[in-house]
A.B. asks: 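Would you mind keeping the following structure in view while I ask a few things?
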Amino acid sequence: MPDPAALSSQRAAITAVFAAFGAAIGALAGSVPSVMRNAGLDAESFGTGLTLSTLLTVAAMSLGGRIARRATGRAVLLWVIPAFAVALFAYLTAQSPAWFFIAIPLMGICFGLTDLFMNAEAVALEHDLRRPVFMAFHGAVSAGVAVMSITASLLSNAVGTAAVGGVTAALFALAWVMAYRALPARPLSEGKSARLAGLPHKLPLTLLGIAGGLIIAAETAALLWSAKLLDDMAPALAAIAGVGAAFFGLCNAAVRFPGDVLRSHLGEMPLMIGSLVVSICGFLALGLSNSFVVSVAAFASVGFGLALLIPAIFAMSARLVPENRAGALSFVSLLTALPRILAPLAFGMVAARLGTPFAFGLVAIGLLASLGLILIFWRKGHGA
């Protein structure tokens, strides 16, 4: 029987890693207008940078299964967290397109490895605790996004983006210390299922992976372009342009913290379908409205709708292959590649030519496709 005190310390450490990860996303989202101005980027070139970063994020996550055969989740996190802090600081302080395009791919690799291994550790801990806690970890991500996005917006305008990087680095340092002290070195994956080619349940994992890619593309659009949309609508309010991402993160957190209770009472599949419908309506509102206030409310709706989708997909994927959770997440992450990689580039091109609101409206089409894939997954007898 695991020691309850040790499990509690592990939960606190994993929560700190998730919160720092969310803070990094918030720093990215809230500083977008300042980073674009400082580095001399237009919407299309920024979208190209995001595409490159996303490509390397997906590549890093796809290699996670192989890495898990050679290094524990604890070891990977202890190496990648400091690198993440450095890469994010370099991105935030970029003063030219060249420096931006050096920093953002490195940050993408760090995003991918941290995302994969912190989720694998979280699912393993949920198994040890024998009760649902997974959604609460993602609630910590949302809280980090909400707090840091508005903080980054204010700091980047009042002090500079270097201050944003310093605050985020301090959070990563705290997470590293807690992970070093509390996370165990879990056994490495072995046997047939240790390799992606030997994973069972390929069809349901494929459906989840493609649906997840479309959902992550929508999340990326909401987080990284919200400040730009609001900045365009009301330039005089540039200092609080990060309120869109902040509302998104707060609404995410408001749903994710009680998310495990919602899953147990409503059922995972009905909850996911309802969430997708709410998200689609929110993106349509962003595409149709020219109002700052309505758009902020739409970001809140999107935040509510998207909150539980990726955590549920990750949890279901890991449950399908309990003997190799990192491998299952790696396989699903590989299948998210196409929509995740193409979406930032496509969004930037559409935003540059037809406007950011129009680009947000198109995101709803991708979520409709995701809804169809989730319905197929359910009809084939998977999920709850």
Side-chain angles (χ1 to χ4, degrees), residues 11 14-15 18 22 119 122-143 145-146 201 203-219 222 247-285 297-322 325 328-329 332 336 363-364 366-384:
R11 184 175 181 179
I14 295 172
T15 299
F18 272 77
N119 274 287
V123 174
L125 179 61
E126 183 177 67
H127 178 268
D128 291 343
L129 289 169
R130 296 176 182 155
R131 58 190 175 88
V133 295
F134 189 72
M135 291 294 177
F137 292 124
H138 284 265
V141 172
S142 300
V145 170
H201 305 297
L203 177 58
L205 287 173
T206 298
L207 293 171
L208 291 176
I210 298 173
L214 294 169
I215 293 166
I216 292 171
E219 285 187 335
F247 265 53
F248 179 91
L250 284 171
C251 294
N252 257 203
V255 177
R256 282 177 170 177
F257 281 118
D260 293 303
V261 176
L262 292 173
R263 286 163 69 202
S264 63
H265 282 81
L266 301 177
E268 210 156 41
M269 286 294 103
L271 188 58
M272 291 183 71
I273 291 166
S275 296
L276 278 165
V277 171
V278 171
S279 302
I280 291 166
C281 292
F283 277 109
L284 288 174
F299 278 120
S301 173
V302 168
F304 282 127
L306 294 179
L308 301 181
L309 295 174
I310 291 302
I313 285 175
F314 279 5
M316 288 189 293
S317 302
R319 285 203 307 267
L320 285 170
V321 192
R325 299 180 182 93
L329 293 177
V332 167
T336 68
V363 174
L367 289 180
L368 279 171
S370 182
L371 176 59
L373 292 168
I374 294 298
L375 288 172
I376 293 171
F377 176 86
W378 195 15
R379 289 191 64 181
K380 289 189 174 293
H382 304 288

A.B. asks: Could you give the distance from CG (L271) to OG (S264), rounded to the nearest 0.5 Å?
C.D. replies: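 Answer rounded to 0.5 Å: 10.0 Å.
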A.B. asks: Give the minimum heavy-atom separation between P204 and L320, together with the two atoms involved.
C.D. replies: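 Minimum heavy-atom separation between P204 and L320: CB-CD1, 4.1 Å.
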A.B. asks: Which residues satisfy the side-chain contact (heavy atoms from CB on, under 4.5 Å) test with V261, sequence neighbours excluded?
C.D. replies: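 With sequence neighbours excluded, V261 shows a side-chain contact (heavy atoms from CB on, under 4.5 Å) to H265, given in chain and number order.
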A.B. asks: Going by side-chain contact (heavy atoms from CB on, under 4.5 Å), name the residues that satisfy it together with T206, two or more places apart in sequence or in a different chain.
C.D. replies: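 In terms of side-chain contact (heavy atoms from CB on, under 4.5 Å), with neighbours along the sequence ignored, T206 is linked to I210, F331, L335.
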A.B. asks: Check salt bridge (Lys or Arg N to Asp or Glu O under 4.0 Å) between R263 and all other residues, then give those that pass, not counting sequence neighbours.
C.D. replies: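 Applying salt bridge (Lys or Arg N to Asp or Glu O under 4.0 Å) to R263 gives D260, E268.
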A.B. asks: Give, for atom CG of L306 and atom CZ of F283, the distance between the pair rounded to the nearest 0.5 Å.
C.D. replies: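 Here the interatomic distance stands at 5.5 Å.
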A.B. asks: Do M269 and M316 touch side chain to side chain, with heavy atoms closer than 4.5 Å?
C.D. replies: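 Heavy-atom side-chain distance check passes, below 4.5 Å.
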A.B. asks: Tell me, please, which residues at least two apart from A307 pass side-chain contact (heavy atoms from CB on, under 4.5 Å).
C.D. replies: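 Testing A307 for side-chain contact (heavy atoms from CB on, under 4.5 Å), a comparison that skips the adjacent residues, returns N252, V255, R256.
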A.B. asks: Are any of the side-chain heavy atoms of V363 and V302 separated by less than 4.5 Å?
C.D. replies: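 The answer is no, as the side chains (C-beta and beyond) never meet within the 4.5 Å cut-off.
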A.B. asks: Are side-chain heavy atoms of L208 and F377 found at a separation under 4.5 Å?
C.D. replies: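 They are in side-chain contact.
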A.B. asks: Looking only at atom types and distance, does a side-chain atom of T336 sit under 3.5 Å from a main-chain N or O of G213, one as donor and one as acceptor?
C.D. replies: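 Pair absent, no side-chain N/O of T336 close to backbone of G213.
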A.B. asks: Sequence neighbours left out, what passes side-chain contact (heavy atoms from CB on, under 4.5 Å) with L284? Give chain and number order.
C.D. replies: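 Once residues adjacent in sequence are excluded, the partners of L284 under the side-chain contact (heavy atoms from CB on, under 4.5 Å) criterion are I280, A364.
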A.B. asks: Identify the heavy atoms of I374 and A211 that sit nearest to each other, and give their distance.
C.D. replies: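 Minimum heavy-atom contact is CD1-CB, 3.9 Å.
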A.B. asks: Which heavy atom of L367 sits nearest a heavy atom of A218, and at what distance?
C.D. replies: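 Shortest heavy-atom contact: CD2-CB, 3.8 Å.
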A.B. asks: Side-chain contact, heavy-atom cut-off 4.5 Å: M272 with L309?
C.D. replies: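 In short, these two side chains touch, coming nearer than 4.5 Å.
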A.B. asks: So, for F257 and A136, which heavy atoms are closest and what is the spacing to 0.1 Å?
C.D. replies: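 Closest pair (atom of F257, atom of A136, distance): CE2-O, 3.6 Å.
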A.B. asks: I need the R379 CZ to L207 CG distance, nearest 0.5 Å.
C.D. replies: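 The CG atom of L207 is 12.5 Å from CZ of R379, to the nearest 0.5 Å.
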A.B. asks: Identify the two heavy atoms, one from P258 and one from A253, that lie closest to each other, and give their separation to 0.1 Å.
C.D. replies: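 It is CD-O, 4.2 Å.
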A.B. asks: Once you round to the nearest 0.5 Å, how far does CD1 of I313 lie from CD1 of I215?
C.D. replies: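 Interatomic distance, I313 CD1 to I215 CD1, rounded to 0.5 Å: 4.0 Å.
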A.B. asks: So how far is it from I273 CD1 to L375 CG, rounded to the nearest 0.5 Å?
C.D. replies: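 Answer rounded to 0.5 Å: 4.5 Å.
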A.B. asks: Identify the heavy atoms of P311 and F134 that sit nearest to each other, and give their distance.
C.D. replies: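 Here P311 and F134 meet closest at O-CE2, 3.1 Å.
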A.B. asks: Name all residues meeting the ring-ring contact (aromatic ring centres under 6.0 Å, His included) criterion together with F18; count only those two or more places apart in sequence or in a different chain, and write none if there are none.
C.D. replies: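 Expected list: F137, H138.
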